[in-house]
Amino acid sequence: MLKKNKTTRIIFHVDMNSFYASVECARDPSLRGKPLAIAGNVEERRGIVVTSSYEARAKGVRTTMPVWEAKQKCPNLIVMPPSFERYRTASRKMFNLLSEYTDLVEPISIDEGYMDITERFSEYSPIEMAKEIQHRLMEEQHLPCSIGIAPNKFLAKMASDMKKPLGITILRKRELPTKLWPLPIEEMHGVGKKTMEKFHEVNIYTIGDLASKSQHEVKLHLGRNGEKLWNRARGIDDRPVDPEASSEFKSVGTSTTLPRDILHSDNAAKVLRELSESLEQRLKRKKVVTTSIQITIRYANRKTITRSHTFSNPIQQKEEIFDIAYHLFKEHWDDRPVRLLGITATQVIDKSSATRQLDLFSYKEHTKDEQLFETLDRLNRKYGNQSIRRGIEKKGDVSNGSEDETE
């Protein structure tokens, strides 16, 4: 039984199991119990697996695996293209159900979120509430989930990963030495491949190894992020469950009022390139991507129009943003003098929950681009924003006026 004192919080982390595949099975019950993969391109030689059912995973099918390889491992694999609107609808219904139990629900991606049920403790046993939520999601929406129960967000997240599918796991601070600390450091939430390599360099191979280090040693070798992870490894995480966190910004944008009216599309292109670069940086800072780009055109007579384009594959890079924005400008500009231009990402989603529909070849190319972009970002932050740029750009004397950010 989970006991509560005056200062203990009770946090749930609700994590939907194989969400995209589960949504497809809910829509078509004939798919249940069968090996199913969702792939961005279902052609056998070019598709990449986005996610798969547990029946497919048992045969060795994994995310980002080429479809041809997945079919070698599982010859009877069913492959389907993703339906993002269907998944968004299912996500809304799932979070609506969670909100029936507490107002303190914080979505962190399309298929997972936190709940703070501390104030419901007197009327509801946490384990019974978790069982009821899990049962209702299965009965009413045919969607399986795992739930972690703990005194803070980090431990709840770790707990939900400990038993899948359809698991309910309680992780108390006193259980850290036996349940959490023996786990490999790479299984710790917040530790990616690069961080794992840094930990290995200082002989940290398990979460317990990290917890046993001194705070000074960790900060000295691994900086502020290492210190944060050191606290988490010791069960320290004071972050509140914030229902407003996911709605802090529904859009991210940038605009500029021009010192001279634009009369030619070439000049507009130069401005839109700079706005695209600025928007890319803001999206990266917020760790989000977008599925919709909107441009704003304000004419010299102050008449303002907005036009947008929505697409399936989430984007973040300036080249892709510019291509869409400039196409919209050319399509809708009526040749009158332009006083202001703006670009806004109007449908932003967390990058970690976004899925790009990539074929095998573009997936590899995209991965290389990501590494290049990250390197350029680091160099520009160190030596100046314009010190290193991609490609060859024509010199132009385009000056920007004031810059506004919409969030």
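Everything quoted here is computed from the prediction, not taken from an experiment.
- Inter-residue side-chain proximity for V218 and L210 is flagged as met; some heavy-atom pair is nearer than 4.5 Å.
- Atoms CZ and CG, from R172 and L180 in turn, are 14.5 Å apart once rounded to the nearest 0.5 Å.
- Looking only at distances, a side-chain donor or acceptor of E106 sits under 3.5 Å from a matching main-chain atom of D242.
- Taken to the nearest 0.5 Å, the NE2 atom of H189 stands 8.0 Å off from the CZ atom of F154.
- Between the side chain of N231 and the backbone N or O of E227, at least one donor-acceptor pair lies under 3.5 Å.
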Test salt bridge (Lys or Arg N to Asp or Glu O under 4.0 Å) on R88 and E85 and set out the steps. CA-CA 5 Å; R88 292 188 191 104; E85 189 54 44; 3.5 Å; yes

Just do the side-chain contact (heavy atoms from CB on, under 4.5 Å) check on I297 and L340 with the steps written out, would you? CA-CA 6 Å; I297 304 172; L340 174 146; over 6 Å; no

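- The side-chain heavy atoms of M65 and K73, taken from C-beta on, include a pair separated by under 4.5 Å.
- With 3.5 Å as the limit, one finds no donor-acceptor pair spanning the side chains of R273 and S276.
- R57 forms a cation-pi arrangement with Y54, by the criterion of a distance under 6.0 Å to the ring centre and an angle within 45° of the ring axis.
- At least one side-chain heavy atom of M94 sits less than 4.5 Å from a side-chain heavy atom of Q141.
- A donor-acceptor pair shorter than 3.5 Å can be found between the side chains of E24 and Y87.
- Between H327 and F329, the ring centre distance reaches or exceeds 6.0 Å.
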Could you walk me through whether L283 and V289 pass the side-chain contact (heavy atoms from CB on, under 4.5 Å) check? CA-CA 6 Å; L283 292 170; V289 292; over 6 Å; no

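- Residue I343 is tested with V271, L328, L279 for a side chain to side chain contact (heavy atoms under 4.5 Å, CB included); the sole match is L279.
- Checked by atom type and distance alone, the side chain of T290 never pairs as donor or acceptor with a backbone atom of V288 at under 3.5 Å.
- Considering CD1 of I149 and CE of M115, their distance stands at 10.0 Å, rounded to 0.5 Å.
- Rounding to the nearest 0.5 Å places CZ of F84 at 13.5 Å from OG of S91.
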Go through the steps to decide whether R86 and R27 satisfy the test side-chain contact (heavy atoms from CB on, under 4.5 Å), and finish with yes or no. CA-CA 9 Å; R86 189 178 298 146; R27 182 184 66 90; 3.2 Å; yes

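- Under 3.5 Å, the side chains of E280 and Q316 contain no donor-acceptor pair of N or O atoms.
- Using a 4.5 Å heavy-atom threshold, the side chains of I185 and T206 count as separate.
- Counting non-hydrogen atoms of other residues, nucleotides and ligands closer than 6.0 Å to CG of N76 gives a total above 12.
- Here the side chains of H221 and K198 are not in contact, with every heavy-atom distance at 4.5 Å or above.
- At least one donor-acceptor pair under 3.5 Å links the side chain of K179 to the backbone N or O of I170.
- A distance of 7.0 Å separates CG of L155 from NZ of K173, quoted to the nearest 0.5 Å.
- A pairwise comparison of heavy atoms in S308 and S292 identifies CB-OG, 4.3 Å as the closest pair.
- The backbone N or O of A233 lies less than 3.5 Å from a partner atom in the side chain of W181, making a donor-acceptor pair.
- Taking each heavy atom of K163 and S146 in turn, the nearest pair found is O-OG, 2.9 Å.
- Between the K270 side chain and the D266 main chain, no donor and acceptor come within less than 3.5 Å of each other.
- Rounding to the nearest 0.5 angstrom, the gap separating the CG atom in L31 from the CG atom in L36 is 5.5 Å.
- At least one side-chain heavy atom of V241 sits less than 4.5 Å from a side-chain heavy atom of I11.
- Side chain to side chain, S53 and S18 fail the donor-acceptor criterion of an N or O pair below 3.5 Å.
- Side-chain atoms of R234 come within 3.5 Å of backbone N or O of A211 as a donor-acceptor pair.
- Nearest heavy-atom pair, P151 versus L171, reported as atom, atom and distance to 0.1 Å: CD-O, 3.5 Å.
- Residues H13 and I108 are in side-chain contact: their nearest non-hydrogen atoms beyond the backbone lie under 4.5 Å apart.
- In summary, the side chains of S22 and N17 do not present any donor paired with an acceptor at a separation below 3.5 Å, with no hydrogens or angles considered.
- At distances below 3.5 Å, not a single donor-acceptor pair connects side-chain atoms of T344 with backbone N or O atoms of T346.
- Nearest approach of I10 to T118, heavy atoms of both residues: N-OG1, 3.0 Å.
- When side chains are defined from C-beta on, E132 counts as touching Y101, because their heavy atoms get closer than 4.5 Å.
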Would K193 and E197 satisfy side-chain contact (heavy atoms from CB on, under 4.5 Å), going step by step from the backbone distance to the final call? CA-CA 6 Å; K193 183 179 179 181; E197 291 171 352; 3.5 Å; yes

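- For the residue pair R282/T254, the side-chain donor-acceptor check at 3.5 Å is satisfied.
- Of all heavy-atom pairs spanning A39 and V67, the tightest one is CB-CG2, 3.7 Å.
- A salt bridge does not link D237 with K153: none of the charged nitrogens is closer than 4.0 Å to a carboxylate oxygen.
- The two residues R136 and E100 have their closest heavy-atom pair at NH1-OE1, 2.9 Å.
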